[in-house]
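Chain naming here is simple, since letters A, B, ... match the order of the sequence lines and numbering starts at 1 in each.
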Amino acid sequence: MTESQSPTTSTLRARDYKSGVTPVWCPGCGHHGVLAALTRALAHLELPRERLALISGIGCSSRLPAYVAAYGFHGVHGRALALAGGLKAARPELTVLVLGGDGDGFSIGGNHFLHACRRNQDLTYVVMDNEVYGMTKGQASPTTAPDWQQAKLTPHGTGMPRFLPTAIALAAGAGFIARGFSGDPAGLSRLLVEAIEYPGFALVHVLTPCPTFRPEHRDWKGRVHVDDTGPSTDPVAAARRIQADDGKTLGLLFRRALTPWRAEQAPACTLEEIESGLLA
Amino acid sequence: MPCNRDPVAPEGMLAITGAGGHGALTTAQILLAALGRAGVHGLLTRAAGPQIRGGESAATLRFASRPVACMADRLDLLLGLDWANVERFVDELPVDADTLILQDVASVPPPPCLTGCGARVRALPLAARAAEIPGGRANMVALGALGGWLGLSHAALSAASERVLASKDAATRAAAIACLEAGLGLVEQGGCAPVGGAAGLWNLSGNEAAGLGALRAGVRFVAAYPITPATELLEWLAPRLPQRDGQLLQAEDELAAVNMVIGASFGGVAALTATSGPGLSLMVEGLGLAVASETPLVVVDVQRGGPSTGIPTKTEQSDLGLALYGLHGDAPHLVLAPLGIADCCFTLEWAVGLAEHLQTVAIVLSDQALGQSRAIVDPPPRAPQLPSRLVPDGPLDAPFQRYAPSVDGRSPMPAPGRSGCRYVAEGLEHDASGTPSSLAADHRQQLDKRARKLDGLDPGPDWAEIRGRGTRCLVTWGSSAGAVFEAAARLTAAGRPTRVIALRLIAPLARAALREALDGAAWIWVVELNQDGQLFAHLHAQRVLPPQARALARPGPLAWRPGEIVAAVLDAEETDD
């Protein structure tokens, strides 16, 4: 833990942040673009690889830590934010990135998402949203449209409104909310740089099409649009903007300065001093 | 006086009941503190009704000039600050014809469930004396009366009052002392007034002792979700962890708590969570991840009556099955149980050391009877120091393999920040490098590696407390040990030599040592506080019990009393004869 910054960090390129393990993802999967954008952002920030920890849960996108040359933890379904929160609290000097999909983050992990937004630890949360469970072969996720009828579990559609990650993050108190697109690695990379530099909880909602179970999403390329008016800083204005959005707006939507979470501090005591308080 | 069984070392037991706000528990806490200052050992348990605040409660205090590890079979004295809803506690108030019942002169008489046995009732002017003192309270007058009965000095009582009421204002504290002075002479010294004089005693609850064990072991991160009866463990640690370069994080639920602990431990910090049965049920998923990824952590389960929400405020030892078998897959881990209040400290310290050394999960099964009871005890000893977490040493001459097999199954676990040995901790089955794998050979290799860590453990002498000799043997675990030790001592004194094997380390089971300890036992009982006989079934599955062994198991919420165990053993032997 006393490791000094590697002298070669500034010469690292995006490919040096790849582990060499071949991804399990299908050809054409948007996640390949996210991996490219992420390694580009890490190289841009010149982050020492041994001080970087990538934490994920379960799902196609949660396989990403294995493909990055950093420390990582591939945990259980839905709990990545909690695991990352414990790591960041114990080791605040590390750069901790959390990665996962829409099912992992918003269904089984939904409660942790709410409270990670509230807790405002200095974490970057990259959610790769393809509106489907890919690893279990094509079920509806919380972000799936209510009338999508291609899933065997919900042949008539879920009938439930979509979960709106950006609106819910705002309501739960997140201070950095952005949306990117896997088909735009350069733009996504810039958002990731800004998110990692943000001193608090940063949500990067990434639209990443699943060509296998949602082939119709190939049209996202033509539907996304960049909003370069800059982020809202007022939560009320941001709420209007996010609620009126078609879900395909790319860019930094909301950014606000908040005090990051900090552990309780107290003057040091010896064990003997603490034990003396137990004398009868 | 029946309480004065031993004129050299007299001992006794009293109880105080009262509606919420009448101060039954506070009165008992001050008495316990005063006994401790006088060098007397004691044990204080509390029973509360269902209300969060303002409900009725009962406090039971046993005292002796030797360590007290369980409640006695009968009460020498019962003080009723009032008798509202006392029927709810009748099981916890074992009165008999020799019990002295105290109450206020203006109070209604005790209900027949208490006086039917023929106990004497004596009325004292508690409220009247309190009314003469501005801010006076009847329970503090009663405290003085009880102090006199116990032979405690005014100095010991007033110092204890100052300590327990430290958070109150000066006027309240002064009124309390004036009241206890007014009560001191109301009752003459009883025959069971204890002999004090022991030096250096501690006053702590099982939850506090467990917290201290964690600090002694170097735990620096705790994440948890509040739950009865474990919360006080967390509340004790919350201000003290930052004093030890650590921190406590209140999680949104138990699923988060256990994963936060895994994350902190992955970061190189010894980490712990505490919960009760319902929370442990939620954490099981995370425990499997910790076992598979070889991330050390400790869970303290302060057990309560189950299943489901069960009986949150009362005790039971019914989570053993969950602790042993709750994880899916083949998931070797440690299960320990403290054998008393002070032993919560020793067992916790040892559990953290074992978990760190073996890079796995340790579940520590405390319970409400330990966690929420308070005792005057000898300071707990330190646990054996184990080699710490294995970390990579020096420059690596080959690509780092986090999960490389080894003779004892352990492999170096670097923390983030260490260059040259980055790895991804995996919950998926993996190969030696940590890369996910579903190959049969990798699965077998990693299962064997994780099993070997525990199979090869030499726990030393601390796996159990073994006392006594004899062909009669009581096997027990956790909090039941106190009553079992006392039952065995009584049986031995009655000419039926009895040995006790109280298990502190239940998994991995020290099979060879346990078989040796059982050698020559003709009668074997496995004593525990659950309906199914969970340890009994486990020991049979582990093939360590001879066929004549039998279960002595009953559910909570009342802890075992020694007389109950003695009676059951004698009854069974007579039937056999």
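- Between B:V269 and A:A90 the shortest heavy-atom distance is CG2-CB, 4.0 Å.
- Among the candidates B:G36, B:A238, B:A251, B:C421, the residue making the largest number of heavy-atom pairs closer than 4.5 Å to chain A is B:C421.
- If you measure heavy-atom distances from B:E426 to chain A, the contacts under 4.5 Å come from both the backbone and the side chain.
- The contact between B:F221 and chain A is made entirely by side chain atoms (from C-beta outward), counting heavy-atom distances below 4.5 Å.
- At least one donor-acceptor pair under 3.5 Å links the side chain of A:R91 to the backbone N or O of B:G267.
- For the set B:L32, B:L35, B:L248, B:D253, the count of heavy-atom pairs under 4.5 angstrom toward chain A peaks at B:D253.
- The most heavy-atom pairs under 4.5 Å with chain B, out of A:C269, A:A268, A:S56, A:A266, come from A:C269.
- Of all non-hydrogen atoms in A:A280 and B:I376, the two that sit nearest each other are CB-CD1, 4.2 Å.
- With rounding to the nearest 0.5 angstrom, the CD atom of B:E208 is 6.5 Å from the CG atom of A:L278.
- Contact record, B:P416 with A:L94: CB-CD1, 3.7 Å, taken as the closest heavy-atom pair.
- Taking 4.5 Å as the limit, every side-chain heavy atom of A:E264 sits out of range of all side-chain heavy atoms of B:L241.
- Of the atoms belonging to B:L201, heavy atoms from both backbone and side chain fall under 4.5 Å from chain A.
- A salt bridge links B:E285 to A:R79: one of the charged nitrogens lies within less than 4.0 Å of a carboxylate oxygen.
- The parts of A:L279 that come within reach of chain B are both its backbone and its side chain, each placing non-hydrogen atoms under 4.5 angstrom from that chain.
- Both the backbone and the side chain of A:L271 come within contact range of chain B, with heavy atoms under 4.5 Å apart.
- Only the side chain of B:P436 comes within contact range of chain A, with heavy atoms under 4.5 Å apart.
- No side-chain donor-acceptor contact under 3.5 Å links B:R418 to the backbone of A:E50.
- Ranking B:L212, B:T295, B:V377, B:L204 against chain A, the residue ahead of the rest is B:L212, based on heavy-atom pairs under 4.5 Å.
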Fill in: Stepwise side chain to side chain contact (heavy atoms under 4.5 Å, CB included) check, A:E275 with B:L215
CA-CA 10 Å; A:E275 291 184 357; B:L215 292 184; over 6 Å; no

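- To the nearest 0.5 Å, atoms OG (B:S419) and CZ (A:R49) are separated by 9.5 Å.
- Within 6.0 Å of atom CZ in B:R382, more than 12 heavy atoms from other residues, nucleotides or ligands are found, so the atom counts as buried in its surroundings.
- Your options are B:A33, B:P242, B:A292, B:A209, and the one with the most heavy-atom pairs under 4.5 Å with chain A is B:P242.
- Heavy atoms only, all atoms of each residue included: A:A82 and B:N259 are closest at CB-CB, 3.9 Å.
- Contact annotation for A:E273: neither backbone nor side-chain heavy atoms come within less than 4.5 Å of a heavy atom of chain B.
- Within a 6.0 Å radius of OH in B:Y225, other residues, nucleotides and ligands contribute 12 heavy atoms or fewer.
- The distance from the CD1 atom of A:I55 to the CZ atom of B:F266 is 5.5 Å, given to the nearest 0.5 Å.
- Proximity to chain B (any heavy atom under 4.5 Å) is restricted, for A:Q265, to the backbone atoms N, CA, C and O.
- Minimum heavy-atom separation, B:P414 to A:Y71: CB-OH, 3.7 Å.
- Among A:T270, A:N111, A:L114, A:I58, the residue with the largest count of heavy-atom pairs under 4.5 Å with chain B is A:N111.
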Worksheet item: Between A:R63 and B:L428, is a side chain to side chain contact (heavy atoms under 4.5 Å, CB included) present by the stated rule, with each step listed?
Response: CA-CA 10 Å; A:R63 291 292 191 113; B:L428 281 170; 3.5 Å; yes

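- The most heavy-atom pairs under 4.5 Å with chain B, out of A:A89, A:P267, A:G277, A:A116, come from A:A89.
- Environment of CD in B:Q250: sparse, with no more than 12 heavy atoms of neighbouring residues, nucleotides or ligands closer than 6.0 Å.
- Chain A forms the most heavy-atom pairs under 4.5 Å with one residue out of B:A256, B:G420, B:A160, B:G427, and that residue is B:A256.
- Heavy-atom distances place no part of A:A80 under 4.5 Å from chain B, backbone and side chain included.
- Using a 4.5 Å cut-off between heavy atoms, A:R119 contacts chain B through its side chain alone, with no backbone atom that close.
- When B:R163, B:R240, B:R244, B:R220 are compared by the number of non-hydrogen pairs under 4.5 Å with chain A, B:R244 comes out ahead.
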